[in-house]
Amino acid sequence: GFEDCLRLVKLRAEAMQDATGLVPQCMCSIAGLDRPMVEKLCVEAKAKDTTSANPVCQIANVLFPAGFTCAGTKGAIDALCKLAMDAKALQARVVKAGGGFHSPLMKPAEERLCE
């Protein structure tokens, strides 16, 4: 019933919060570049992240045709913001999401929910 749903929502929130503590991670907002350019910059940013054992950098959400949120390891997202601004993005900044949601960084939460 409803109580079971609430327990599941709580478990999901706790699992996602725990996943954010495993690896330094964040999200950013990019506006003013097309998707192929953002995807290219994500690859470059991932390669520049020398602080993470397994760097992650990818588009997490499409907000509008030239607007995206990207998620990944902190080093990669920081690099992505700089690369995007150098590529003449209108905006590229870290958002206060608290984690690299909608990315492989949430795999531990997924695994916990499948138990």
Side-chain angles (χ1 to χ4, degrees):
F2 184 67
E3 292 81 17
D4 291 333
C5 290
L6 289 178
R7 279 192 285 279
L8 185 58
V9 168
K10 182 178 183 284
L11 176 63
R12 177 182 179 264
E14 290 169 346
M16 291 176 73
Q17 183 62 44
D18 290 348
T20 66
L22 298 175
V23 175
Q25 55 189 270
C26 57
M27 296 182 80
C28 70
S29 171
I30 296 177
L33 299 176
D34 64 15
R35 185 178 189 130
M37 175 58 78
V38 174
E39 288 172 343
K40 174 182 169 290
L41 295 178
C42 282
V43 171
E44 291 178 29
K46 194 170 144 176
K48 286 182 176 283
D49 183 355
T50 59
T51 61
S52 303
N54 297 299
V56 173
C57 188
Q58 66 181 56
I59 293 173
N61 298 99
V62 178
L63 304 172
F64 49 91
F68 307 89
T69 56
C70 297
T73 47
K74 184 170 181 351
I77 295 299
D78 288 344
L80 177 61
C81 287
K82 181 174 182 345
L83 289 166
M85 290 308 293
D86 290 348
K88 307 296 185 222
L90 298 174
Q91 168 189 296
R93 64 177 174 219
V94 173
V95 296
K96 296 179 183 179
F101 304 112
H102 310 286
S103 80
L105 296 170
M106 289 294 113
K107 187 75 173 161
E110 176 187 340
E111 291 166 354
R112 189 162 148 197
L113 286 171
C114 289
E115 292 176 354

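Note that these values count all heavy atoms, side chains included, but never hydrogens, waters or copies made by symmetry. Throughout, residue positions are numbered sequentially from 1 according to the sequence presented.
A donor-acceptor pair under 3.5 Å links the side-chain atoms of Ser103 to the main chain of Leu105, judged by distance alone. Judged by distance alone, the side chain of Asn61 and the main-chain N or O of Leu63 form no donor-acceptor pair under 3.5 Å. With hydrogens and angles disregarded, a donor-acceptor distance shorter than 3.5 Å links the side chain of Asp4 to the backbone of Gly1. The main-chain N or O of Thr73 is never found under 3.5 Å from a side-chain atom of Gln25 such that the two would form a donor-acceptor pair.
For Lys82 and Asp78, the salt-bridge test fails: no basic side-chain N is under 4.0 Å from an acidic carboxylate O. Ion pairing of Glu14 with Lys10 is present here, as a side-chain N (NZ or NE/NH1/NH2) and a carboxylate O approach within less than 4.0 Å. Comment: Glu110 engages Lys107 in a salt bridge, judged by a side-chain N to carboxylate O separation of less than 4.0 angstrom. Electrostatic pairing of Lys48 and Glu44 does not count as a salt bridge here, judged by no charged N lying under 4.0 Å from a carboxylate O.
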Inset, instruction - Report the C-alpha separation of Met106 and Thr20 in whole Å, then their side-chain angles, then the decisive distance to 0.1 Å, and conclude whether the side-chain contact (heavy atoms from CB on, under 4.5 Å) test is met. - result: CA-CA 8 Å; Met106 289 294 113; Thr20 66; 3.9 Å; yes

Legend entry - Derivation and outcome, salt bridge (Lys or Arg N to Asp or Glu O under 4.0 Å), residues Glu3 and Arg7: CA-CA 6 Å; Glu3 292 81 17; Arg7 279 192 285 279; over 6 Å; no

Inset, instruction - Please report the C-alpha distance between Cys28 and Leu80 in whole Å, then the side-chain angles of each, then the deciding distance to 0.1 Å, and finally whether the side-chain contact (heavy atoms from CB on, under 4.5 Å) criterion is met. - result: CA-CA 9 Å; Cys28 70; Leu80 177 61; 3.8 Å; yes

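Cluster membership for Val56 and Phe68, using ILVMFWY side-chain heavy atoms within less than 4.5 angstrom, is not shared. Residues Val94 and Leu83 are members of one and the same hydrophobic cluster, defined by side-chain heavy-atom contacts under 4.5 angstrom among Ile, Leu, Val, Met, Phe, Trp and Tyr. Side-chain heavy atoms closer than 4.5 Å link hydrophobic residues (I, L, V, M, F, W, Y) into clusters, and following such links, possibly through other members, connects Leu33 to Ile59.
Two residues are said to be in side-chain contact when any heavy atoms from C-beta on lie closer than 4.5 Å; Cys70 and Val38 meet this criterion.
Ala92 and Cys81 make their closest contact through CB-O, 3.6 Å (heavy atoms, listed as atom of the first residue, atom of the second, distance). The two residues Phe64 and Ala31 come nearest to each other via the heavy atoms CZ-CB, 4.2 Å. Here the closest heavy-atom approach between residue Ile77 and residue Cys57 is recorded as CD1-SG, 4.1 Å. Listed here is the closest heavy atom pair of Gly75 and Thr51: CA-OG1, 4.1 Å. The two residues Ala76 and Asp49 make their nearest non-hydrogen contact at N-OD2, 3.2 Å. The two residues His102 and Met27 have their closest heavy-atom pair at CD2-CE, 4.3 Å.
Atom CG of Leu11 sits about 8.5 Å away from atom CD of Glu115, to the nearest 0.5 Å. Atom CG of Leu41 sits about 14.5 Å away from atom NZ of Lys46, to the nearest 0.5 Å.
Residues Ser52 and Asn54 have side chains that never bring a donor and an acceptor to within less than 3.5 angstrom of each other. In this model, a donor atom of one side chain and an acceptor atom of the other lie less than 3.5 Å apart for Gln91 and Ser29.
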